[in-house]
Student: 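Dropping a structure here in structure tokens format, bear with me for questions.
From a predicted model like this one, the values you see are computed outputs, not experimental measurements. Each chain gets a letter, A, B and so on, in the order the sequences are listed, and its residues count up from 1.
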Amino acid sequence: MRRRILPGFGISLGYALAYLGLIVLLPLAALAWKASGIGFEGLLRLLSAPRTLAALRLSLGGALLAALINAVIGLLVGWVLVRYRFPGRRLFDALVDLPFALPTAVAGIALTNLYAPNGWLGAWLEKIGIKVAYTPLGVFVAMVFVGFPFVVRTLQPVLTALERDVEEAAESLGARRWQTFFRVILPMLAPTLLTGFALALARAVGEYGSVIFIAGNIPMHSEIAPLLIVQKLEQFDYAGAAALGVAMLLLSFLLLVSVALLQRWSNRWAERTS
Amino acid sequence: MKKFFPVLLTAVGMVLAVSVAAKDVTLLNVSYDPTRELYRQINNAFVAQWKTQHSDSVTMQMSHGGSGKQARSVVDGLPADVVTLALAYDIDAIADRGLLAKDWQKRLPHNAAPYTSTIVFLVRKGNPKGIKDWADLVRPGVQVVTPNPKSSGGARWNFLAAWGYALKQPGGSEATAKAYVTDLYKHVPVLDTGARGATNTFAQRGIGDVLIAWENEALLVQRGLTKDGFEIVVPSVTIVAEPPVAVVDANVDKHGTRAVAQAYVEFLYSPQGQEIAAKNYYRPSSPEVAARFASQFPATHTFTINDVFGDWRQAQAKFFNEGAVFDQIGTGH
Amino acid sequence: MSARMASRPIGWPRRVVHVGLILVALIFLVLFLLLPLATVFVEAFREGIAPYVAAIRQPEALSAIRLTLIVAVIAVPLNVVFGIAAAWAMTRFEFRGKALLGALIDLPFSVSPVISGLVYVLLFGAQGWFGPWLEAHDIKIIFAVPGLVLATIFITLPFVARELIPLMQSQGSEEEEAARVLGASGWQMFFRVTLPNIRWALLYGVLLCNARAMGEFGAVSVVSGHIRGLTTTIPLEVEMRYNEYDYVGAFAVASLLALLALVTLAVKTLLEWRYGDEIAAHAPGGH
């Protein structure tokens with residue numbers, strides 16, 4: 001029925017697919033083709049090398065942790081920005097998009113400036129014995145920075161739409177504030193929160209520009225996976241670099257497919273509860 | 001949709017205008033990071049000289065970046081007429097793809113390196129840790145800043161200098177050299193991806209006690225960069241860093257720029273070119289110019305890569321390739 | 001605290017919680033977002049206004065600004081057309097593999113910038129699939145403007161589509177179907193019904209897409225060739241100056257992008273403030 005009334009199915013889907021094919025799929029096919037140059041054994045050897053594993057662990061682990069923090073802080077910030085009124089609220093709301101807009105290299109240099117032992121924050125943190133710049137903690141800080149807007153921006157519309165009545169009803173039934181939050185609000189937000197979490201995670205896993213300045217880049221310690229790709233390229237090892245790239249890409253794609261599934265699940269869940 | 005096409009056309013037009021604007025001979029020199037000031041002066045002098053001797057004029061274009069990345073770009077199609085990189089291995093890689101003759105290093109004097117440098121230490125004012133030689137770098141409590149040799153061409157010279165020092169000590173062997181560099185890289189808190197990044201880390205961020213650096217970089221930092229004050233320590237023995245230059249045959253033949261490109265690299269060896277190099281803290285290869293700048297460059301015991309390691313291909317395979325010595329020694333904590 | 005809260009009496013413990021939550025959120029925002037931004041400007045003006053102005057008026061900076069604008073002017077409209085087409089197909093029709101298409105649209109978000117530049121080198125570089133053919137026909141893609149545009153399109157591809165899809169999903173297609181029933185042609189329906197309904201989300205998408213397009217560093221760095229004054233965009237110019245120990249220059253040029261970010265955010269905030277009610281009426285009711 002719908003299909004007959006609304007026009008443009010063929011042209012819009014065809015155009016979108018052609019565009020995606022040319023801009024995204026064809027180049028990625030070239031990447032996969034190049035990666036196949038090292039063969040299955042080569043890939044296994046590459047992926048099981050301790051240094052690769054350590055770098056992947058840092059990239060994935062750091063990104064997971066950063067996305068987790070972003071989920072918590074993002075929920076808090078989103079909540080405060082949507083629910084409360086205070087001076088400068090719009091300014092702070094606008095600030096949330098900054099990591100999207102600031103070039104990654106500039107962000108990296110600025111963060112290093114701040115958190116280096118002689119920086120504004122670094123000097124102060126050094127006194128209480130915390131080193132941020134040039135440690136895995138620095139990698140984490142940069143990852144929190146680049147992933148932050150995803151959580152807040154996915155949550156905000158839902159928070160706006162979230163019925164206050166639900167909370168008030170729960171409270172009038174005698175639920176305590178924290179009970180309302182954990183039993184009523186959080187379950188309703190959970191699917192969206194997970195979406196934001198996964199997007200922030202996917203973004204942080206592959207991040208290079210902002211991380212590279214603040215990471216110490218010490219092998220097995222503070223070296224991220226994209227840096228390994230760069231190093232392979234430096235040795236003119238295109239196939240190895242491409243293989244590592246494909247491996248990271250598959251990881252990211254798995255994450256994104258889970259996001260799509262999560263969204264589907266959240267939609268169904270929302271339908272069931274409403 | 002229709003609105004976008006005029007915008008697109010305008011944009012494409014502007015792009016084309018940019019790329020065909022130059023009508024005279026244009027020469028692209030693809031170089032590594034720290035040579036901007038050097039080649040700015042070289043280019044001005046060369047363009048002026050060319051104009052006095054020829055009817056056409058030359059426009060110089062520069063590209064700067066990490067040495068390996070620049071070589072890769074040339075291999076991938078960056079139309080460089082001349083390459084001036086940090087180490088011969090990167091130009092070898094271009095030659096391997098057939099863009100220039102394999103014996104390129106024999107076509108110009110001094111292994112195709114018109115100017116050289118050495119590896120020295122930059123320490124903080126007053127040399128608080130009393131750094132005098134390579135051995136002092138591995139004392140407890142000393143932190144050393146040097147970039148990652150896997151991602152920085154310049155840093156490979158640092159590594160080879162350290163290796164050569166250890167080899168030349170009494171009783172020195174491959175095993176003691178390996179032990180020394182293993183120890184050395186355990187004292188490195190930050191492995192930047194490039195030489196300039198390492199200098200920034202040391203000078204701007206205040207990390208580490210010693211920066212292992214090219215002499216020209218150390219002099220630049222000491223004389224121009226900051227008011228904090230740094231001192232240069234010349235170790236007992238060190239390597240001659242030879243940043244080579246070459247004309248990219250395939251590209252100059254395509255562009256019809258061989259004569260200019262050849263004149264350009266030869267200009268680097270001329271008295272004028274040598275003087276500009278010396279003023280930018282590179283050690284000139286011409287003995288006359290070197291004599292005039294003798295006070296700037298303290299005499300040291302040096303060895304070349306050919307003396308100790310054969311050539312760059314061998315050094316690269318032995319130390320820096322996948323699973324080679326640098327990967328074995330493990331670094332950091 | 002506010003009109004909304006005033007409708008109910010608030011006990012002081014709860015007020016403390018409110019203030020506490022606001023403070024924690026603000027401290028985070030200041031530490032993580034405001035301070036890095038402030039650093040850029042502090043460093044840019046460290047030596048005063050004259051060096052700042054001089055740094056920006058260098059011909060290399062001006063050509064970087066021009067190139068950045070050219071790239072954005074080509075990349076953003078292309079992604080807008082794609083975003084609308086993709087959102088239309090995704091939200092108005094049912095077809096197999098829709099979830100997969102959605103994941104594909106998001107894919108560029110998660111591809112490491114290092115890789116997103118490399119893939120175009122593998123395609124169009126001298127050693128790449130189309131390299132020899134391009135060379136034979138003297139067409140330059142890599143290390144020229146087309147390469148920069150392609151890499152930028154790749155990086156910013158999801159923004160418009162991502163902004164539109166949830167909105168169009170929640171709006172449903174009743175209005176459009178009505179327009180069709182009343183005899184509107186496809187384009188009439190699109191320009192009179194669909195476009196007005198999605199214009200705010202579209203604008204947000206364009207603003208974010210543009211900001212990211214102008215600020216992209218990693219991918220662009222791989223395909224640029226770094227020919228000064230010819231193929232360097234603003235972020236590349238920043239990196240080069242930083243690597244030349246020209247800190248004031250680096251941060252001065254970077255501040256242009258930070259300013260752009262601020263202007264983008266200001267425009268967005270202004271729109272929200274000016275048309276807040278209208279936007280709220282079109283906002284997605286959760287997805």
Student: Would you check if C:R162 and A:L199 make a side-chain contact, meaning some heavy-atom pair closer than 4.5 Å?
Tutor: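 Side-chain contact under 4.5 Å: yes.
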Student: In terms of heavy-atom pairs under 4.5 Å, which option from A:S12, A:G206, A:G10 contacts chain C the most?
Tutor: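 The candidate making the most pairs under 4.5 Å is A:S12.
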Student: Could you have a look at C:V222, C:L35, C:V121 and say which one has the most heavy-atom pairs with chain A under 4.5 angstrom?
Tutor: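 Among the listed options, the one with the most contacts to chain A is C:L35.
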Student: Donor-acceptor pair, A:Y19 side chain versus C:G83 backbone, under 3.5 Å?
Tutor: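 A pair under 3.5 Å: no.
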Student: Less than 6.0 angstrom separating the ring centers of C:F217 and A:Y208, yes or no?
Tutor: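 Not close enough - the centres of the two rings lie 6.0 Å or further apart.
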Student: Please tell me if the side chains of A:Y84 and C:H18 come closer than 4.5 Å, counting only heavy atoms from C-beta onward.
Tutor: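 They are in side-chain contact.
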Student: Once the angle between the rings of A:F150 and C:F109 is folded into 0 to 90°, is it parallel (under 30°), tilted (30 to 60°) or perpendicular (over 60°)?
Tutor: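 Ring orientation, 0 to 90° scale: perpendicular.
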Student: Where does C:V111 contact chain A at under 4.5 Å (heavy atoms): side chain, backbone, both or neither?
Tutor: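 Both parts, backbone and side chain.
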Student: Using non-hydrogen atoms and a 4.5 Å limit, figure out which bit of A:L201 sits close to chain C: side chain, backbone, both or neither.
Tutor: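 Looking at A:L201, nothing touches chain C.
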Student: Relative to chain A, which segment of C:F130 carries a heavy atom at a distance below 4.5 Å: side chain, backbone, both, or neither?
Tutor: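 Only the side chain of C:F130 comes within 4.5 Å of chain A.
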Student: Below 4.5 Å, heavy atoms only, C-beta onward: do A:P7 and C:R180 meet side chain to side chain?
Tutor: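 Result yes, sub-4.5 Å side-chain heavy-atom pair found.
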Student: Spell out the residues in residues 240-247 of chain A that have some non-hydrogen atom less than 4.5 Å away from a non-hydrogen atom of chain C, in order of number; otherwise answer 'none'.
Tutor: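 Residues A:A241, A:G245 are the ones that qualify, each having a heavy atom under 4.5 Å from chain C.
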Student: Could you give the distance from CZ (A:F86) to CG (C:L23), rounded to the nearest 0.5 Å?
Tutor: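 Reported value, rounded in 0.5 Å steps: 9.5 Å.
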Student: Please classify the contact of C:E43 with chain A as side chain, backbone, both or neither, using a heavy-atom distance under 4.5 Å.
Tutor: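 When you check distances to chain A, only side chain atoms of C:E43 fall under 4.5 Å.
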Student: Should C:L107 and A:F253 count as side-chain neighbours, where that means a heavy-atom distance under 4.5 Å?
Tutor: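 Yes, at least one pair of side-chain atoms sits under 4.5 Å.
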Student: Begin from the C-alpha positions of C:T39 and A:W120 and carry the test side-chain contact (heavy atoms from CB on, under 4.5 Å) through to its verdict.
Tutor: CA-CA 9 Å; C:T39 317; A:W120 292 350; 4.2 Å; yes
Student: I need the residue from A:N113, A:L251, A:L249 with the largest number of non-hydrogen atom pairs under 4.5 Å to chain C.
Tutor: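 Ranked by contacts with chain C, first place is A:N113.
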Student: A:V77 versus C:V24: any side-chain heavy-atom pair under 4.5 Å?
Tutor: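 Heavy-atom side-chain distance check fails, nothing below 4.5 Å.
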Student: Relative to chain C, which segment of A:I73 carries a heavy atom at a distance below 4.5 Å: side chain, backbone, both, or neither?
Tutor: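 Answer is side chain: those atoms of A:I73 sit under 4.5 Å from chain C.
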Student: Under 4.5 Å from any heavy atom of chain C, what part of A:V24 do you find: side chain, backbone, both or neither?
Tutor: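 Both parts, backbone and side chain.
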Student: Does any non-hydrogen side-chain atom of A:L233 lie less than 4.5 Å from one of C:L118?
Tutor: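 A side-chain contact exists here, since the closest heavy-atom pair is under 4.5 Å.
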Student: Of the backbone (N, CA, C, O) and the side chain (C-beta and beyond), which part of C:P113 lies under 4.5 Å from a heavy atom of chain A, both, or neither?
Tutor: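 Interface part for C:P113: both.
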Student: Closest approach of C:P36 and A:A110, non-hydrogen atoms and distance?
Tutor: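 Scanning both residues, the minimum pair turns out to be O-CB, 3.6 Å.
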Student: When only pairs under 4.5 Å are counted, which of C:V238, C:L101, C:L157 shares the most heavy-atom pairs with chain A?
Tutor: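 Maximum pair count with chain A is reached by C:L157.
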Student: Is A:V106 close to C:P235 at the side-chain level, that is, under 4.5 Å between some pair of heavy atoms?
Tutor: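 They are not in contact (no side-chain heavy atoms under 4.5 Å apart), so the answer is no.
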Student: Side chain from CB out, backbone as N, CA, C, O: work out which of these in A:L91 comes under 4.5 Å of a heavy atom of chain C, or both, or neither.
Tutor: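 Neither; nothing under 4.5 Å.
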Student: Of all heavy-atom pairs between A:L13 and C:F95, which one has the smallest distance, and what is that distance?
Tutor: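 A:L13 and C:F95 have their closest heavy atoms at CD1-CZ, 3.7 Å.
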Student: Is chain A contacted by the side chain of C:F251, its backbone, both, or neither, given a heavy-atom distance below 4.5 Å?
Tutor: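 Looking at C:F251, just its side chain touches chain A.
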Student: Identify which part of A:R153 has an atom lying under 4.5 Å from any heavy atom of chain C, answering side chain, backbone, both or neither.
Tutor: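 The side chain, not the backbone.
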Student: Where on A:L121 is there a heavy atom nearer than 4.5 Å to chain C: the side chain, the backbone, both, or neither?
Tutor: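 Contact with chain C involves the side chain of A:L121 alone.
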Student: May I have the step-by-step check of side-chain contact (heavy atoms from CB on, under 4.5 Å) for A:L6 and C:E177, ending in yes or no?
Tutor: CA-CA 6 Å; A:L6 291 181; C:E177 282 165 21; 4.1 Å; yes
Student: To check you understand the geometry: which heavy-atom pair defines the closest contact between C:L33 and A:V96, and what is its length?
Tutor: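 Nearest pair, atom of C:L33 first, then A:V96: CD1-CA, 3.9 Å.
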Student: Once you measure the plane-to-plane angle for A:F213 and C:Y242, does it fall in the parallel (<30°), tilted (30-60°) or perpendicular (>60°) bin?
Tutor: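 Taking C:Y242 first and then A:F213, their aromatic rings stand perpendicular (interplane angle over 60°).
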Student: Could you look at C:M189 and say if it's the side chain, the backbone, both or neither that has a heavy atom under 4.5 Å from chain A?
Tutor: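 When you check distances to chain A, only side chain atoms of C:M189 fall under 4.5 Å.
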Student: Show, in sequence, the C-alpha distance, side-chain angles and deciding distance for C:F82 and A:Y15, and conclude whether the side-chain contact (heavy atoms from CB on, under 4.5 Å) test is met.
Tutor: CA-CA 7 Å; C:F82 163 75; A:Y15 180 77; 4.2 Å; yes
Student: If you apply the rule side-chain contact (heavy atoms from CB on, under 4.5 Å), what do you find for C:I22 with A:W79, and how did you get there?
Tutor: CA-CA 9 Å; C:I22 292 175; A:W79 182 270; over 6 Å; no
Student: Are C:F28 and A:L76 close enough that some pair of their side-chain heavy atoms sits under 4.5 Å apart?
Tutor: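 In short, these two side chains do not touch, never coming nearer than 4.5 Å.
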Student: Where the side chain of C:W88 meets the backbone of A:I11, is there a donor-acceptor pair that is under 3.5 Å apart?
Tutor: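 Not at all, since once roles are kept as given, no pair shorter than 3.5 Å links the two residues.
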Student: Contact part of A:A204 toward chain C, heavy-atom cut-off under 4.5 Å: side chain, backbone, both or neither?
Tutor: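 For A:A204, neither part sits under 4.5 Å from chain C.
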Student: Rounded to the nearest 0.5 Å, how far does CG of C:L34 lie from CZ of A:F92?
Tutor: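 Reported to 0.5 Å precision, the distance equals 6.5 Å.
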Student: Quick check: closest heavy atoms across A:A30 and C:L123, and the distance to 0.1 Å?
Tutor: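 Scanning both residues completely, I find the closest heavy atoms to be CB-CD2, 3.7 Å.
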Student: Output the option from A:V144, A:D93, A:V205, A:L28 having the highest count of non-hydrogen pairs under 4.5 Å with chain C.
Tutor: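 The candidate making the most pairs under 4.5 Å is A:V144.
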Student: I need the residue from C:I84, C:I105, C:N79 with the largest number of non-hydrogen atom pairs under 4.5 Å to chain A.
Tutor: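 Ranked by heavy-atom pairs under 4.5 Å with chain A, first place is C:N79.
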Student: So what's closer than 4.5 Å to chain A heavy atoms on C:L260: side chain, backbone, both or neither?
Tutor: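 Answer is neither: C:L260 stays 4.5 Å or more from chain A.
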